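Note sheet for the following structure.
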Amino acid sequence: MIRDERLPSGELQRIDEAVRGNWHTGDDVDFEEAVAYHESLPREKQFARVLETADRPLLQPRAGVPCLDDQIDLLRHLEQDGLADLLPTTIDSYTRDNEYGKAKQGLEDARESGDDTLNGFPAVNHGVSGCRELIEALDRPIEVRHGTPDARLLAAVTFAGGFQSFEGGPISYNIPYTKEGSLEQTIKHWQYVDRLAGAYTERGVRINREPFGPLTGTLVPPCIAIAVMLVEGLLAATQGVRSLTLGYGQVGNVVQDVAALRALRELGEEFLPDEVTVTTVFHEWMGGFPPDEARANGVIGLGAATAAIARPDKVITKSPQEFQGVPTKEANAAGLRTTRQLIDMLIEQDITIDGIGEEQELIERATRSLMDAVYEHGDGDVARGVVRAFESGALDVPFAPSDSAAGDVLPARDDDGRVRIFAFSDLAVSDETKEIHEARLDDRARSEDRDRSFAMVADDVDAISDGKLIGRPTGGETDAD
Amino acid sequence: MIRDERLPSGELQRIDEAVRGNWHTGDDVDFEEAVAYHESLPREKQFARVLETADRPLLQPRAGVPCLDDQIDLLRHLEQDGLADLLPTTIDSYTRDNEYGKAKQGLEDARESGDDTLNGFPAVNHGVSGCRELIEALDRPIEVRHGTPDARLLAAVTFAGGFQSFEGGPISYNIPYTKEGSLEQTIKHWQYVDRLAGAYTERGVRINREPFGPLTGTLVPPCIAIAVMLVEGLLAATQGVRSLTLGYGQVGNVVQDVAALRALRELGEEFLPDEVTVTTVFHEWMGGFPPDEARANGVIGLGAATAAIARPDKVITKSPQEFQGVPTKEANAAGLRTTRQLIDMLIEQDITIDGIGEEQELIERATRSLMDAVYEHGDGDVARGVVRAFESGALDVPFAPSDSAAGDVLPARDDDGRVRIFAFSDLAVSDETKEIHEARLDDRARSEDRDRSFAMVADDVDAISDGKLIGRPTGGETDAD
Amino acid sequence: MAQTVILGVIGSDAHVVGITILEQTMEAAGFDVVNLGVQSSQQEFASAAAEHDAEAVLVSSLYGHAEQDCQGFHETLRDAGTDAVTYIGGNLAVGQNDFEATRERFRRLGFDRVFDSETDPQEAIAALRQDLGHRNAETKERVSA
Amino acid sequence: MAQTVILGVIGSDAHVVGITILEQTMEAAGFDVVNLGVQSSQQEFASAAAEHDAEAVLVSSLYGHAEQDCQGFHETLRDAGTDAVTYIGGNLAVGQNDFEATRERFRRLGFDRVFDSETDPQEAIAALRQDLGHRNAETKERVSA
Ligand code: B12
Ligand code: B12
């Protein structure tokens, strides 16, 4: 069974060759030549350096379109009109499924019709030289953002193509993103990705890796998100990754969000080896958005305000068109500027909110329980432990579409809007933690004069898109007919 | 000289007749008939009742166009698409100058050309029946918002026309709005307006009065704004006003804004007679806006977040087009919805920020000094006192265009972004207060490595429109050439 | 007897929250729901519909590739011998499209009804009641004829 | 000798912050500024320009009535016997207008330059330097001719 051990270099090479054979653009990957290419890049394009030396939260949007020229235009717009500090390249869904043939078809259709027939940039199809053209055309560092369970070829091509940051991880890009992929298998695949990043790192090219913190984006309790971040961070560190950005998706309660980001940073520092530089990224609300740009700006505003108080190293912004579909470049830049204005107006203010310490304490305690369970399930090995913990339900993610997770844990907001756990199922947290969560949810049930039930969960899922934080039953409407 | 005494009823009648003779629509004003008309209005249009019984901050935009039909369409849009709780009718500048002839011309031009040749609704020209048509066409209560130093005819016509709320006051609609009007004269004019409101109130028609808190909208130190609110509140109460909404314009520092709103409410309760119901209104940032709708949404977002924490009774919203000119109705509604989303997401959260008590204490102390000075200057009479305090500079407003104010006080932000007083001139605050302000500004000067100077003031005036709260010197740019 | 409805997310789309809510609401409304989950193929929809003799097939798609994923969908259903009513809903096109055009495209692909992502689950239930009631009535007519 | 500039807000407009900043910046740049303040009439501008033999008259308007307020402005100046360069700036139309059209309108009213509300005071100073330098040169030519 899988172990959290560094891939031996022979093994790396063997996989490397096999993977590169999956699509013809893999042939152009040459590690030595790629290291030299990275060395030729100017300092402003060194992702890890730019991020780790920043003295304020850097802003980064999401963005990807099929054709290279369009992607250059799009990113240039976000750089110039959005003043993005860091740029993204979001990969299309076919590439995420390793369906390079379908992606090729989509790309050809896009080139002919001018329509965006793919929901992202098929980097493998564009190959090493296409990626480099992109890197060279822009002034800021660019990250690969995707959702690919088996991202080996994507990593090989994009690292050789000059990208120095790569989102995802074996859990965070499996559990929320796919139904059938086995967790053990994805960990193996990501050991390769991380080892490859480690190999570059050893040659002085620090590839930044960013586990995807928001998971399903839908009311994920902070302890679960942070535990997954720690596990993925540990797995990556084992493979030689030295620049790690741990992520967290806004839940919308300011105290809980600030507490969670602090817990993430502190536990990250504590759990990860000293030689790893840990940074944090805060994602503006990742759940369902209101179907109205004005209201969406309110959601974005709350995210920005939270970021200004919590001061993560990086913020991933949303656009006011999030609800509708992939945003226009103007809307994407607008989301950046709204966020920028709010952060810049707030960041110099000393805002100390009560109760963050207690909430952080609560989050850390539950996270430690989950981490203990992972280690126990793996007899001290975090790779084996995480697979088994997901199998047993000791670790679980709400709304997980994956067969590898029980998906039995259900979250709901308490009376203050903090995300609590409504159904624990087999989640490995202490009875004390459970009692606290239950007590808070009981408070809410009382103040709404209804029982704790799935209706609360469903109401909370819709709440923000309906204009509120907490899904309270509304006087007039009823769900019954 | 002027005294803070209730106008005798004979005097009220005498002025009333004189005022109504100023423009022919005054002839249609009949107090008894008007009281009956107000009594016929449904409960949802009773402004004071709706505001005073609300259990959450009510939202109100600003809006006024010349023609009646257009004004109805505009307000209906703000009611339906903006979900405004309270509606406004903003009056044009000619009416504010009592130039009803010019307003008539503008209105005729507007009707012919379809262009908005006036910057607001000329309510006097529309007359009692025009106002009533407006009141009847909408579902929410509507307030007259203007900026008229001599608003006697406007009040007579609009009260008879069914409006139950009237913004402004003798100081707040003089000092920021006009150059030559004498303060004594405006107080006399507003004694009439307030007495008329009082006369309706005695007949069971509670007219809500709202002194204009933001004054010049530009870095007004809270103690000054609050002192003016208390003075205007006292003057109105003397004339029989029983529903008073005291205002305050956001300065952008969350702690200071929350502290100021609390100080406003508490001092309001303390200074005003028990029979007056005091409510508060928070104005989203009233100074220069960024020339970019996305950034403007950030400014609006910060205002909304502050409102959710401070919980005033009412919030006056801005639109993302504030910089450019009078907003389209869509942009106006968008500002409402962005604000609504943010407030509704935050309002149920328990957010207690450190240091609000101390800041409130500081504001209250300075406000009390100013009020003491007013009473002293008037030998116990607030009307006389305020005129003389402005004459001597004991009371002053920064950037006041009026000859009645010294306009020598200059504000600047401290290192945390709170508005402090940079030049006190003759402002009647204690040495202790001065030392605190100076010390805070010295901290900022030190951290910017420059002297306290007018450059700081100028930089702060532009800061928010340039994307920051504090006007720090920027490395690259210099003001010298 | 409760009416059986097949529900799933087509293609390689993994957005599961919408169908989770739909499943719960439809079950509460008395339907038998067979939830195929995310990333379901055309064949899986067709087999399930045939196997359960389903009266409706509800396809969800959020990620923007619905049109490609649904090419030939109704043939696949027909080949499996099912003539269930078909609905599709979610975020059906990449980008900021005009929904009416999108609706038209999916109608032409053979879907009986097309829903946008603002759809309340209750609307889908109301539509099902109408469409399935109608089919039952038709069946009865045919029987009595 | 420092060049004299008349500055003020026209009509019944009371927006004072812009001219306060303009005044300070122009004085720092070495101009003699006569600030008429807000709510200044055409006649006040004209008299001040004549009295101070001003080389430029800078009109500010924020509140949206500039066009009405400036009808006949240049005649009033001429009648007072001044041929100063005239600038106008601020928020020159009610509502969300296209600035190019607005600029054209005020050019036609006779203003030498028209500035929008995004104008940095330094731009106005640069323009003054150019225009007044030029006029001085012209004057010299006329004298030497
Ligand atoms: C949460 C979320 C995610 C989560 C999903 C977690 C999970 N496994 O479920 C994560 C972060 C993993 C994710 C990933 C991706 N996402 Co996503 N995601 C969202 C988001 C924010 C909310 C979706 C949601 O859960 N809504 C709440 C539920 C209750 O509503 P719903 O899904 O709309 O369903 C309701 C209705 O639509 C309707 N309905 C739905 N289906 C059907 C079917 C029928 C028959 C009927 C009658 C009704 C109906 O009823 C449902 C219940 O009320 C949306 C944007 C938004 N809407 O705000 C983007 C969005 C759907 N995602 C998008 C994209 C592109 C992706 C990615 C491809 C790439 C990316 N940007 O990361 C990947 C795809 C991965 C994959 N293989 O599928 C795009 C789709 C673009 C488009 N169509 O043009 C969106 C619109 C975001 C955007 N603006 O770019 N996403
Ligand atoms: C603060 C403010 C107020 C304060 C003014 C206090 C005072 N006495 O100064 C108060 C609250 C009292 C007020 C009142 C009104 N206001 Co006002 N106000 C503003 C606001 C928010 C900022 C203006 C400001 O001070 N900016 C900061 C300074 C530094 O910039 P500036 O004034 O633009 O000046 C710079 C440039 O424009 C340029 N410039 C200006 N003039 C000139 C001239 C020349 C020759 C040159 C070269 C350059 C130049 O250089 C300046 C320095 O950098 C603006 C909207 C905005 N811009 O964000 C609205 C705005 C100007 N106001 C507006 C209106 C309508 C009014 C009112 C009529 C009604 C109302 N809505 O309340 C009244 C008018 C009262 C009156 N009689 O004048 C509208 C004008 C609409 C239009 N033109 O289409 C605006 C645009 C708001 C809006 N979107 O509706 N206002």
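A, B, ... follow the sequence lines: proteins, then strands. Residue 1 opens every chain. None of the values given here were measured: they were computed from a predicted structure.
- A distance-only check finds no donor-acceptor pair linking the side chain of Asn119(B) to the backbone of His65(D) [under 3.5 Å].
- With a 4.5 Å cut-off on non-hydrogen atoms, Pro398(B) does not touch chain D at all.
- Applying the 6.0 Å contact sphere to CZ of Arg450(B) captures more than 12 heavy atoms from other residues, nucleotides or ligands.
- Partners of Phe106(D) by ring-ring contact (aromatic ring centres under 6.0 Å, His included), not counting sequence neighbours: none found.
- Scanning both residues, Glu118(D) and Pro291(B), for their nearest heavy atoms gives CD-CB, 3.5 Å.
- Atom NZ of Lys468(B) sits in a sparse spot, with 12 or fewer heavy atoms from other residues, nucleotides or ligands closer than 6.0 Å.
- Contacts between Thr328(B) and chain D at a heavy-atom distance below 4.5 Å involve backbone atoms as well as side-chain atoms.
- Residues of residues 70-77 of chain D never come within less than 4.5 angstrom of chain B, heavy atom to heavy atom.
- Heavy-atom distances place both the backbone and the side chain of Phe399(B) under 4.5 Å from chain D.
- The shortest non-hydrogen separation linking Ala14(D) to Pro176(B) is CB-O, 3.9 Å.
- Taking Asp13(D) as the reference, nothing meets the salt bridge (Lys or Arg N to Asp or Glu O under 4.0 Å) condition, with sequence neighbours excluded.
- Remark: Asp451(B) CG is loosely packed, at most 12 non-hydrogen atoms of other residues, nucleotides or ligands lying under 6.0 Å away.
- Rounding to the nearest 0.5 Å gives a distance of 7.5 Å between CG of Asp109(B) and CD of Gln68(D).
- Among residue pairs with one or both ends in residues 18-31 of chain D, none qualify as salt bridge (Lys or Arg N to Asp or Glu O under 4.0 Å); sequence neighbours excluded.
- The main-chain N or O of Tyr177(B) is found under 3.5 Å from a side-chain atom of Gln39(D) such that the two form a donor-acceptor pair.
- Of the possible donor and acceptor atoms, one in the side chain of Asn91(D) sits under 3.5 Å from a partner among the backbone N and O of Phe323(B).
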